[in-house]
S.K.: 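Okay, here's the structure, questions in a sec.
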Amino acid sequence: MDHSTKDILPVDPEDASELDDWRLPLSYMKGRHLEDIAGLPPMKENWRIKERLKTWSVALALCLNIGVDPPDVVKTTPCARKECWIDPLSRGSQKAMELIANSLQKQYERWQPRARYKQLLDPTTDEVRKLCIALRKNAKNERVLFHYNGHGVPRPTVNGEIWVFNKSYTQYIPLSVYDLQVWMGKPSVYVLDCSYAAQIVDSFKLFIRERESEFFLEGSINLSTSNSSCLGLLDESILLAACGSKEILPMNPKLPADLFTACLTTPIKTALLWFCLQRVGKLVHGVTEEMIDNIPGKLNERKTPLGELNWIFTAITDTIAWNTLSQELFQKLFRQDLLVASLYRNYLLAERIMRSYNCTPESHPYLPPTYQHPLWQAWDLAVDHIMAQLPQLIDGTQEYEPSSFFPEQLNAFQVWLLSFPNLSQPPTQLPIILQFLLSQAHRLQALELLGRYLDMGPEAVHAALSVGIFPYVLKLLASKLRELQPILVFIWAKILSVDNCCQSDLVKDGGYKYFISVLADTTIQFEYRTMAAFILSSICNNYSKGQEVCLQGNVVAICLSQLEEPNAVLKQWLAICLGRLWQKYDAAKWCGVRDAAHEKLSLLLWDEVPEVRAAAVFALGTYIFTPSTDGSHTDHATSIDHSVAMLLLPLVSDGSPLVRMELITALHGLILQYEREFQIAALRSSDSEPSLVPSNLSTSLTPGGWINVFIDSASSSSETEKKSDHLSPMKRSPAAISNGSVNSESYSSGEDDESLPRPGPRTQSFAPPPPIARYHDNSSSSGLYAQLWRGVQSICGDPCPTVALKAGSIIQSVLDKIRQTSKARDIAISSLSTSTSAPLSVAPPPSSASVSHGKSHTIGRSSSKSRAVEPSSNSSLPAFLLTSRKDPQADDDNYPQLSPGGSGSSSSIGSSASVYEETKFYDWSCKYFANSLMKQPEDCDRFSESYLQREFRFLRNHTVREEGSQLIDSYDKAKFNDHIFVNKESKTPQELKFHPYIPQLVVLHKSSWSLWDIERGTHLCTHSNHTGTSKATAVEFINPHDVSFLLTGTDDGCIRVWRNYLEEDEGSPKLVTSWRALSDMQQSSRNVGMVMEWEQPTGLLYATGDVKYIRVWDTHKELKISDIPTGAESCVSSLALDHCDKSLMVAGCGDGTIRLYDRRHPSSSSLVQVLKEHSSWILKVHIQQPVNNIVSMGAQGDVRVWDPRFTRSTHNFNAMSGSNVCTIHHSVPLLACASNQAIKLYNIQNKESINSIRYHDGFMGQKIGPTKSITFHPYKLWMAAGGSDGLISIYSSERKK
């Protein structure tokens, strides 16, 4: 290229956002195109507590022996004396013991008031044994708590013994921990408040391991029940020990003697006392122990000082545990049991306080150290805040100033949400947020922040559920506050999108009524009504009770009344909600019948959004009635089912595979409900399936409406061999359905029509043969089933593999059941052993009750004397009737297995289609709510990686276009003498296509395509086009300015769109979408196949070829817009669009005419002019921009330039005669044409020949072979040519550097 022109100035980055590429719409970039149609993977861990337990029985064993110190403990003077905040020496020993026991019981009752408490005051061994056994017996499978205070007895021994008393209190009696664990059983909780307490924990574990070892050594068969009870005992036992195995309890006289118990049962008072004893606490003057006892308020009143302090303490300890423990351990200790949760919250405080006095509390299960967690500083601040106000609060001289703890934590959570958080580490404040939900003042703000957190994805939802959000938000559904409705609906949509098992809770607690009221209120924004519809559909999803309550809540009428709403997502979920409500629930279906539901839903079948159409198909598929227990249908139900079927059938030509997959699934449900009728339709569809029935099989219709099927046993075996393709439903023409109608003429068997069996008896030269089966024929509906059957057959050839596979499996299943019908087989085989003139006795017609849904139905009834015989070698029966009864699979090798590509390929999917299986459409739709709904798309964030990548691509495109604009000044000097690329492929190229902005070339073969890097001269990839026997004839780039997709068209009318064809690191290319763009493709003299033109700004695809119309598809809607009749008797060989004004379309036809269409007119009157100067096949038509002149070239080499305003060409010249391909440059007036041995280039303006290429430069001087395809680069002076010998060459006007 000549670089003498002015240099191209780069675009200023500030002006990059003004490039035109930003305004170009993208096609096939929705979720249904870029991701698999599947739901979320199941959660690895279940957030629900496996088994919720309660501690109903509590044994309080106090071994104090007041007035007598144990012999192994030397106490200081003064010494800690108080037990349960009572000085035992202040009154008589017996009275003090009772007061202490009662006080301890009251302290426990604060945490579990409903438990049964039993006191053991200085007990004996027998008393402990009797009480523990009695408590375990009454508790059954619930927890029993054993609280042991051993301050008045010796320390636990290394042999695993604690101490109690004899009856006269003269001796200390050892009590083995082994015995104690046997008496207590499981599950149990042990609180051990004594010196050397951890020694008991160690002995407890040791004894369990010994018992388990004995169990496994001796064998479980001969073991007693008591011995086997050790299994799982350690996992179901909880132990809390006050100190280590060599540690003595603190004796500070300012502290209670049972400091550990005080921390567990009276945490707030203990924490305040300990705070005052610390250095920090001494800064607060005037606070005494008596003041601590008189803090205003109650623990359960959060607005009072004491209540707020308790609230803060609960939030902090929950948060510390959540951030420290594993999810399983957190749920077991802090969510499973109310009393255990309280004890463990208080245990975290006990660890902090006891460690300050050189004692290390121990727990089983093991808890990591938490006494230095940063949140304890927040607790100290909250305590300091209250203590500073305490004297004035008690005097009444000051009102209480609430703590700033919760607002500060709320702000911290909000900052975390704004800081691009890592979801692998949940936020520290998440448990605190749950505490906010208890406060009406902070509830709305907390719910909004919680909603923002849940919007981050399934991981966030799972974390919130694990921390315990569920009971909070469930109770809030009872709220009548209207301002909470939007955020509550949002939160519940997030929860149910991740875990649908919450449906039973919503039904049990009546929460479903909340969402019905939201859905019914049309004044609420459509986003929240959409979420409500989703929630109700989740409640109905495979849950009969949910369906019942929704039906009672009038959900059917509510959904139907809003189907005309403009929002697509709302309509989609209204339809899905109806489908979930109707599924296997006839009462709801009859409710829909009364409201003409199928007629109202039919409006959505042609909606602009494919998801809405798919949802409508899904709903109508579930609307089909289930037969009664005897297998029959009412006439009204059958009429409704027929109406639904006819509404669905036209969608076989829908442009979205999402819709077609739902369609074939709905038709499958219909086939299963009317199995017998479809089996008859399969047997009678001789036009579409001639090989299903042998040529010697004939039928006759009786006056009673029964079909008699006869076998000509005198037929020769040679005819049977000719018909060996029995039961092959796949032999048909590619285009089975046009514009939603199904015609039997569309199917081709590949056999002579005279060989096909026709309805009605044949005239034969021998006696009437015996009937082998009889079917009742309802003439009013048999045509409907035949039409539906042909519709299912047509989908077998669907270009989408999953859709075709589903349709093939359904047909396979129906044919399997026909083949395996034992009675029809027995009658047919028995007829071989009888005389051809002797009729076989046939039982009366079966009643409707003899046909039951879901089972293999009998097509006819055989004589009771019929028997199976070995088929003779010259039998002319079809294989499915010759299968031996003893081995029903004996003929499987001869029976064709169906696959989407055709008949006869091996597949095992046929049997699976006998059971109705839903698609993943519902699960995939639920992912919409699991993904972020608030997050701004990355493309809108100017600093995101996605935005910067797009900006780079658009700047690159601008540079390429600017370089291309310089061709206007230099194209007349271009000779295309430089051979910049040459490579050879093993296959003959059908079409070549340059990428407009990337130096790459796509080579289209008959059944595949390959990609080449032009600059490097390397082959990037080759991929199958999944075309089967059809031939690829057209290729286009979709979204070439951004993330490019590759679109290919084949001569059977199918289009496939591929993505990731450029991404070497993302595996093989993936099929984005596929559909049949053209039907009724006809064979022309030159087999044009498909011809298409793509218009990126509008997203319209114009497809034509060997048809007599031009079909317009909207790729955004994935719908056919119109069919423009060509008005010609021949095919369309070339097509061109006016990309500037978007009004003109030019079609070159095989009869030599050039037809001009105004796209603004209705399709029936869009043909505005016919140009007839060419006398031969049109090779190429092109619209020169911006002057809008039309350039055309015929097969005889005559080139014409037209002004569309006139009927005669403005100038013309003769190019190379005998050309077979031609191309015209997109930007400059250059034309290239090729014959068998040469390529010639012409300047269209001056009619001069520029160059003639006959030899491959630098490739051993080889002559050019017959050229199959030729193309120009749209912006560069590059020309690519592909020959029948597989050579791909690229010529340029600038030598490759």
S.K.: Could you tell me whether Lys1142 atom NZ has more than 12 heavy atoms of other residues or ligands within 6.0 Å of it?
M.R.: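 Count over threshold, so yes.
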S.K.: Taking Ser27 as the fixed residue, which of Thr1098, Thr1115, Val1057, Leu1047 is the one that meets the side-chain contact (heavy atoms from CB on, under 4.5 Å) rule?
M.R.: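 Only one of Thr1098, Thr1115, Val1057, Leu1047 forms a side-chain contact (heavy atoms from CB on, under 4.5 Å) with Ser27, namely Thr1115.
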S.K.: Could you verify whether a donor N or O on one side chain and an acceptor N or O on the other, from Asn1025 and Trp1058, lie under 3.5 Å apart?
M.R.: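 Per modelled atom types, Asn1025 and Trp1058 side chains form a pair under 3.5 Å.
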S.K.: Answer yes or no: are there more than 12 heavy-atom neighbours, outside Lys1006 itself, under 6.0 Å from its atom NZ?
M.R.: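 It does not: Lys1006 NZ has 12 such atoms or fewer within range.
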S.K.: Under 3.5 Å, side chain of Ser1292 to main-chain N/O of Asp978, donor-acceptor pair present?
M.R.: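 Between the backbone of Asp978 and the side chain of Ser1292 there is no qualifying donor-acceptor contact (under 3.5 Å).
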S.K.: Rounded to the nearest 0.5 Å, how far does NZ of Lys1240 lie from OG of Ser1235?
M.R.: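 Interatomic distance, Ser1235 OG to Lys1240 NZ, rounded to 0.5 Å: 8.0 Å.
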S.K.: Would you find more than 12 non-hydrogen atoms of other residues, nucleotides or ligands less than 6.0 Å from Glu945 atom CD?
M.R.: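 No, not enclosed.
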S.K.: Can you tell me how far apart NE2 (His1005) and CD (Glu991) are? Round to the nearest 0.5 Å.
M.R.: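 So the gap between those two atoms works out to 12.0 Å.
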S.K.: Answer whether the closest heavy-atom distance between the side chains of Leu1277 and Val1228 falls below 4.5 Å.
M.R.: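 Heavy-atom side-chain distance check passes, below 4.5 Å.
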S.K.: Within the structure provided, determine whether Gln1185 and Asp1138 are in side-chain contact (heavy-atom separation under 4.5 Å).
M.R.: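 A side-chain contact exists here, since the closest heavy-atom pair is under 4.5 Å.
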S.K.: For Ile1244 and Ile1224: C-alpha separation, side-chain torsions, deciding distance, then whether side chain to side chain contact (heavy atoms under 4.5 Å, CB included) applies.
M.R.: CA-CA 9 Å; Ile1244 298 175; Ile1224 301 173; 4.0 Å; yes
S.K.: Using every non-hydrogen atom in the two residues, find where Ala1232 and Ile1270 come nearest and quote the distance to one decimal.
M.R.: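 In this case the closest contact between Ala1232 and Ile1270 is CB-CD1, 3.8 Å.
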S.K.: Given Lys1268, which of Val1221, Thr988, Asn1220 fulfils the side-chain contact (heavy atoms from CB on, under 4.5 Å) condition?
M.R.: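 Exactly one pass, corresponding to Thr988.
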S.K.: Does the ring center of Trp1278 lie less than 6.0 Å from the ring center of Phe981?
M.R.: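 Centroid distance Trp1278-Phe981: not below 6.0 Å, so no.
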S.K.: Evaluate the side-chain proximity of Leu1241 to Tyr1291: yes if any heavy-atom separation is below 4.5 Å, no if none is.
M.R.: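 No, too far: nothing below the 4.5 Å cut-off.
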S.K.: Please answer whether the main-chain N or O of Leu1100 pairs with a side-chain N or O of His1116 as donor and acceptor at a distance below 3.5 Å.
M.R.: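 Answer holds: no.
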S.K.: With a 4.5 Å limit on heavy-atom distance, are the side chains of Met661 and Lys920 in contact?
M.R.: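 Met661 vs Lys920: side chains apart.
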S.K.: Which atoms form the tightest heavy-atom contact between Arg1076 and Cys1054, and what is the distance?
M.R.: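 Taking every non-hydrogen atom into account, NH1-SG, 3.5 Å.
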S.K.: Counting only N and O atoms by type, is there a donor-acceptor contact under 3.5 Å from the side chain of Asp654 to the main-chain atoms of Arg660?
M.R.: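 The answer is no, because no donor-acceptor pair under 3.5 Å joins these two groups.
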S.K.: What I want to find out is whether Arg953 reaches Asp1042 closely enough, with some N-O distance under 4.0 Å, to be called a salt bridge.
M.R.: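 Salt bridge flag = yes for Asp1042 with Arg953.
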S.K.: Judged by atom type as modelled, is there a donor-acceptor pair below 3.5 Å linking the side chain of Ser1133 to the main-chain atoms of Ile1178?
M.R.: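 Yes: the side chain of Ser1133 pairs with the backbone of Ile1178.
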S.K.: Roughly how far, to the nearest 0.5 Å, is NZ of Lys1117 from OG of Ser656?
M.R.: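 Atom-to-atom, Ser656:OG and Lys1117:NZ are 14.5 Å apart.
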S.K.: Distance-only, no hydrogens or angles: does the Asn1189 side chain make a donor-acceptor pair with backbone N or O of Gln1184 under 3.5 Å?
M.R.: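 No.
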S.K.: Please round to the nearest 0.5 Å and tell me the distance separating atom CG of Leu1135 and atom OH of Tyr1102.
M.R.: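 Output value for this atom pair is 9.0 Å.
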S.K.: Checking side-chain contact (heavy atoms from CB on, under 4.5 Å) between Val1003 and each of Lys987, Glu985, His1019, which is the one that passes?
M.R.: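 Only match with Val1003 under side-chain contact (heavy atoms from CB on, under 4.5 Å): Glu985.
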S.K.: Hey, are the side chains of Leu1179 and Ser1219 touching, using non-hydrogen atoms and a 4.5 Å cut-off?
M.R.: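 In short, these two side chains touch, coming nearer than 4.5 Å.
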S.K.: For atom CD of Gln949, is the number of surrounding heavy atoms from other residues, nucleotides or ligands below 6.0 Å larger than 12?
M.R.: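 More than 12 heavy atoms, drawn from other residues, nucleotides or ligands, come within 6.0 Å of this atom.
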S.K.: Between Gln990 and Lys1031, which heavy-atom pair has the shortest distance, and what is it?
M.R.: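 Looking at all heavy atoms of both residues, the shortest contact is OE1-CD, 4.0 Å.
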S.K.: Nearest 0.5 Å, what's the OG-CD1 distance between Ser1044 and Ile1038?
M.R.: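 That separation rounds to 9.5 Å.
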S.K.: Is the side chain of Thr1018 donor-acceptor paired with the backbone N or O of Asp1013 at a distance under 3.5 Å, no angle test?
M.R.: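 No, the answer is negative, given that no donor and acceptor are paired below the 3.5 Å cut-off.
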S.K.: Quick one: CG on Asp1052 to CE on Met1090, what's the gap to the nearest 0.5 Å?
M.R.: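 Between atom CG of Asp1052 and atom CE of Met1090 there are 7.5 Å.
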S.K.: If we only count heavy atoms from C-beta on, is the Glu611 to Ser925 side-chain gap below 4.5 Å?
M.R.: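 When only atoms from C-beta onward are counted, Ser925 and Glu611 do not touch, as no gap falls below 4.5 Å.
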S.K.: Please check if the distance between the ring centroids of Tyr947 and Trp22 is under 6.0 Å.
M.R.: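 Yes: the rings meet the under 6.0 Å criterion.
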S.K.: Is the closest basic N to carboxylate O distance between Asp20 and Arg961 below 4.0 Å?
M.R.: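 A salt bridge is absent here (no side-chain N lies under 4.0 Å from a carboxylate O).
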S.K.: Given Trp1094 and Met1092, is the side chain to side chain contact (heavy atoms under 4.5 Å, CB included) satisfied, shown in steps?
M.R.: CA-CA 7 Å; Trp1094 166 250; Met1092 61 185 180; over 6 Å; no
S.K.: For side chain to side chain contact (heavy atoms under 4.5 Å, CB included), just list the numbers for Trp1012 and Ile1290, CA-CA rounded to whole Å, side-chain angles, deciding distance to a tenth of an Å, and then say yes or no.
M.R.: CA-CA 11 Å; Trp1012 291 85; Ile1290 298 179; over 6 Å; no
S.K.: Nearest heavy-atom pair of Thr1271 and Thr1223: which atoms, and what distance?
M.R.: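 Looks like CA-OG1, 3.7 Å.
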S.K.: Would you indicate whether Asn1246, at its atom CG, is surrounded by more than 12 heavy atoms from other residues, nucleotides or ligands within a distance under 6.0 Å?
M.R.: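 Enclosed.
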S.K.: Between Asp455 and Met934 (side chain of the first, backbone of the second, donor and acceptor by atom type, cut-off under 3.5 Å), is there such a pair?
M.R.: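 Yes.
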S.K.: Could you tell me whether the side chain of Tyr1157 reaches within less than 4.5 Å of the side chain of Ile1110, counting heavy atoms only?
M.R.: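 In short, these two side chains touch, coming nearer than 4.5 Å.
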S.K.: Tell me whether Ser1166 contacts the main-chain N or O of Arg1159 through its side chain, where contact means a donor paired with an acceptor under 3.5 Å.
M.R.: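 Pair absent, no side-chain N/O of Ser1166 close to backbone of Arg1159.
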S.K.: Just wondering, more than 12 heavy atoms not from Tyr928 lying within 6.0 Å of its OH?
M.R.: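 Count not over threshold, so no.
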S.K.: Is there a side-chain contact between Ile1154 and Arg1200 in this structure, where contact means two heavy atoms from C-beta onward sitting under 4.5 Å apart?
M.R.: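 No, too far: nothing below the 4.5 Å cut-off.
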S.K.: Looking only at side chains, do His979 and Ser1289 share a donor and an acceptor under 3.5 Å apart?
M.R.: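 Yes - a donor-acceptor pair under 3.5 Å links their side chains.
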S.K.: Give a yes or no answer on whether the side chain of His1225 reaches the backbone of Leu1231 with a donor-acceptor pair at less than 3.5 Å.
M.R.: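 A pair under 3.5 Å: no.
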S.K.: Which atom pair, heavy atoms only, marks the closest approach of Pro1204 to Ile1190?
M.R.: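 Residues Pro1204 and Ile1190, closest heavy atoms: CB-CD1, 4.1 Å.
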S.K.: Should we say atom NZ of Lys30 is surrounded by more than 12 heavy atoms from elsewhere, each under 6.0 Å from it?
M.R.: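 Counting other residues, nucleotides and ligands, NZ of Lys30 stays at 12 neighbours or fewer.
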S.K.: For Ser1008 and Thr1022, which heavy atoms make the closest approach, and how far apart are they?
M.R.: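 Closest heavy-atom pair between Ser1008 and Thr1022: OG-CG2, 4.4 Å.
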S.K.: Counting only N and O atoms by type, is there a donor-acceptor contact under 3.5 Å from the side chain of Trp1113 to the main-chain atoms of Gly655?
M.R.: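 Absent.
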S.K.: Does the distance from a Lys or Arg side-chain N to an Asp or Glu carboxylate O, for Arg32 and Glu1118, drop under 4.0 Å?
M.R.: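 Judged by the 4.0 Å cut-off on N to carboxylate O distance, Arg32 and Glu1118 do form a salt bridge.
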S.K.: ring-ring contact (aromatic ring centres under 6.0 Å, His included), that's the test. Do Tyr997 and Tyr1275 meet it? Break it down for me.
M.R.: CA-CA 8 Å; Tyr997 306 111; Tyr1275 300 115; 5.7 Å; yes
S.K.: Does the side chain of Tyr28 come under 3.5 Å of the side chain of Arg1059 through a donor N or O and an acceptor N or O?
M.R.: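 Arg1059 and Tyr28 do not have a side-chain donor-acceptor pair below 3.5 Å.
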S.K.: Decide side chain to side chain contact (heavy atoms under 4.5 Å, CB included) for Phe954 and His1041; before the verdict, give the C-alpha distance in whole Å, the side-chain angles of both, and the deciding distance to 0.1 Å.
M.R.: CA-CA 7 Å; Phe954 296 164; His1041 64 294; 3.8 Å; yes
